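This report refers to the structure that appears directly beneath it.
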Amino acid sequence: MDTSGADTSTGAPEGWVNPLRDPRDRRLPRIAGPSGLVIFGVTGDLSKKKLIPAIYDLANRGLLPPGFSLIGFGRRRWAHEEFAAFAREQARERCRTPFREDVWEQLAAGLRFVTGTFDDDEGFDRLADQLVALEAERGTAGNYAFYLSIPPDDFPTVCRHLDRTGCTRGPEGSWRRVVIEKPFGHDLASARELNAVVGAVFPEDSVFRIDHYLGKETVQNILALRFANQLFEPVWNANHVDHVQITMAEDIGLGGRAGYYDGIGAARDVIQNHLIQLMALVAMEEPTDFSAAALRAEKTKVLESTSLALPISETAARGQYAGGWQGSEQVVGLKDEEGYDPSSTTETYAAITLEVHNRRWAGVPFYLRTGKRLGRRVTEIAVVFRRAPHLPFDATMTQELGQNALVIRVQPDEGVTLRFGSKVPGTAMEVRDVNMDFAYGEAFTESSPEAYERLILDVLLGEPSLFPVSREVELSWQLLDPVLRDWESEGQPEQYQAGTWGPRGADEILARSGRAWRRP
Ligand code: BG6
């Protein structure tokens with residue numbers, strides 16, 4: 001078998017190496033090498049709900065090295081055992097795979113806690129000593145990732161201390177990486193500052209920016225759907241596509257999250273990162289291969305060709321949920337949620353329109369919307385096709401025929417739906433829309449890993465494909481900044497009733513061109 005990667009098929013220039021024929025079998029999961037993970041903000045919500053359970057699941061799947069170490073850094077005066085008891089509780093309650101005592105015991109042997117605050121020199125000195133000690137005790141080989149699950153305001157202090165104590169530099173041959181969580185700033189200027197702060201102590205290829213949507217199975221399937229098939233790509237352009245709708249709707253409210261959410265809002269929380277990344281994956285050109293460099297280059301390129309549709313007053317909308325009924329539950333409006341000021345102008349719903357200025361997408365609007373307390377929880381990407389240029393039917397026969405659409409159902413009920421017209425059975429001729437469905441749950445027996453499992457593993461493996469680079473982050477802010485400035489000058493957002501599909505202003509964006517949002 002030829003495993004050199006050299007292309008021997010006809011047509012390729014002599015000596016051309018097909019990067020897709022890397023001799024490594026990519027179907028096999030990779031196991032992280034000797035390493036440890038330090039979490040700042042380890043008692044926070046994200047760590048409890050996502051990070052610790054994901055680490056347990058990775059251990060349970062045999063994807064962590066035997067000497068793996070998890071180091072929590074925080075204010076509490078915890079002994080290692082107390083931290084282990086806390087972590088066990090989180091893992092047991094929320095793990096995806098079955099909880100097994102033997103797996104836990106092995107993981108727990110590598111759990112450490114370092115007491116300290118972010119402005120406390122001694123805490124970081126102790127952390128540095130702990131990392132060195134673990135090299136000998138657990139064989140981490142000096143490889144560590146630092147997960148900053150903390151407010152961005154604390155990044156400069158933590159980065160400075162990591163640098164001062166030498167934590168950013170390991171022994172010869174080892175690696176040090178930093179993982180940062182959104183929000184990556186609150187506008188372009190602050191994102192640049194943040195990138196500079198982190199970049200001053202960690203080189204760009206050691207910075208892993210988490211956008212957990214990129215770790216979702218269905219999001220990665222966008223690339224497989226587009227580039228592993230012949231069927232879709234020929235119609236994936238302005239000649240055939242009328243518009244694209246990207247929706248991330250949630251039914252939950254914001255009670256208990258005031259500290260993070262108030263003053264941030266839906267556009268910064270979700271559009272700047274998750275939705276613009278989804279849009280980039282839908283709109284980008286085919287990468288030369290699936291290397292991180294090639295993927296990031298294509299995403300960056302398409303974002304560079306993207307602009308906000310104008311005028312903002314007609315192409316963007318925001319709203320704030322008022323009280324109402326969600327199913328059988330009566331819920332309060334944002335202003336009555338605990339921790340929110342009754343005069344809060346924070347939007348809980350945001351919609352924007354983007355345009356991509358290239359040959360493929362000229363004239364095709366990309367509508368992005370997200371909101372809390374909407375009709376139901378659903379994230380989907382709908383590529384809506386133009387109508388057939390001519391219908392050789394009597395108008396009454398196609399009265400109920402809509403536009404063809406390809407809908408990537410990101411969650412829940414993960415899969416893909418193709419909507420097209422079909423004859424209604426009977427002696428008369430009538431054409432109506434039908435759906436052809438692919439459902440992950442039916443097609444595969446394997447269950448999907450949680451986004452955080454994949455992303456944490458990728459950090460430990462040093463596999464950067466699923467992490468946006470600083471340029472992508474800055475380009476996203478560049479798109480959003482004018483909308484945010486516009487909204488700031490406008491005062492109160494429009495109210496919408498909980499359990500509905502958002503403010504009227506959002507419907508008007510599409511209605512202006514005779515279109516309508518899907519009701520998923
Ligand atoms: C986070 C947002 O990034 O994504 C939250 O900050 C949102 O506001 C969450 O609820 C949704 O994630 P998922 O994976 O449940 O769709």
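Order of appearance sets the numbers: ligands from 1, and atoms from 1 within every ligand. Remember, it's a predicted structure, so these values are computed and weren't measured experimentally.
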Please state whether the rings of Trp236 and Trp361 are parallel, tilted or perpendicular, taking 30° and 60° as the class boundaries.
perpendicular
Does this structure show an ion pair linking Glu450 with Arg96, if we count only N-O contacts that are shorter than 4.0 Å?
no
Between Phe118 and His161, is the gap from one ring center to the other below 6.0 Å?
no
State yes or no: are the ring centers of Phe366 and His243 separated by less than 6.0 Å?
no
Tyr56 ring center within less than 6.0 Å of Phe99 ring center
yes
Once you restrict both partners to nitrogen or oxygen, which atoms of ligand 1 have a protein partner under 3.5 Å, and how far apart are they?
residue: ligand 1; atom: 3 (O); partner: Lys182; partner atom: NZ; Å: 3.1
residue: ligand 1; atom: 3 (O); partner: His274; partner atom: NE2; Å: 2.7
residue: ligand 1; atom: 6 (O); partner: Lys182; partner atom: NZ; Å: 2.9
residue: ligand 1; atom: 6 (O); partner: Arg257; partner atom: NH2; Å: 3.2
residue: ligand 1; atom: 6 (O); partner: Asp269; partner atom: OD1; Å: 2.6
residue: ligand 1; atom: 6 (O); partner: Asp269; partner atom: OD2; Å: 3.3
residue: ligand 1; atom: 8 (O); partner: Arg257; partner atom: NH1; Å: 2.7
residue: ligand 1; atom: 8 (O); partner: Asp269; partner atom: OD2; Å: 2.6
residue: ligand 1; atom: 8 (O); partner: Lys372; partner atom: NZ; Å: 2.6
residue: ligand 1; atom: 10 (O); partner: Glu250; partner atom: OE1; Å: 3.3
residue: ligand 1; atom: 10 (O); partner: Glu250; partner atom: OE2; Å: 2.6
residue: ligand 1; atom: 10 (O); partner: Lys372; partner atom: NZ; Å: 3.1
residue: ligand 1; atom: 12 (O); partner: His212; partner atom: NE2; Å: 3.2
residue: ligand 1; atom: 14 (O); partner: His212; partner atom: NE2; Å: 2.8
residue: ligand 1; atom: 14 (O); partner: Lys216; partner atom: NZ; Å: 2.6
residue: ligand 1; atom: 16 (O); partner: Tyr213; partner atom: OH; Å: 2.5
residue: ligand 1; atom: 16 (O); partner: Gln411; partner atom: NE2; Å: 2.6

Test the Lys216-Tyr213 pair against the cation-pi criterion, namely NZ or CZ under 6.0 angstrom from the six-membered ring centroid and within 45° of the ring axis.
yes
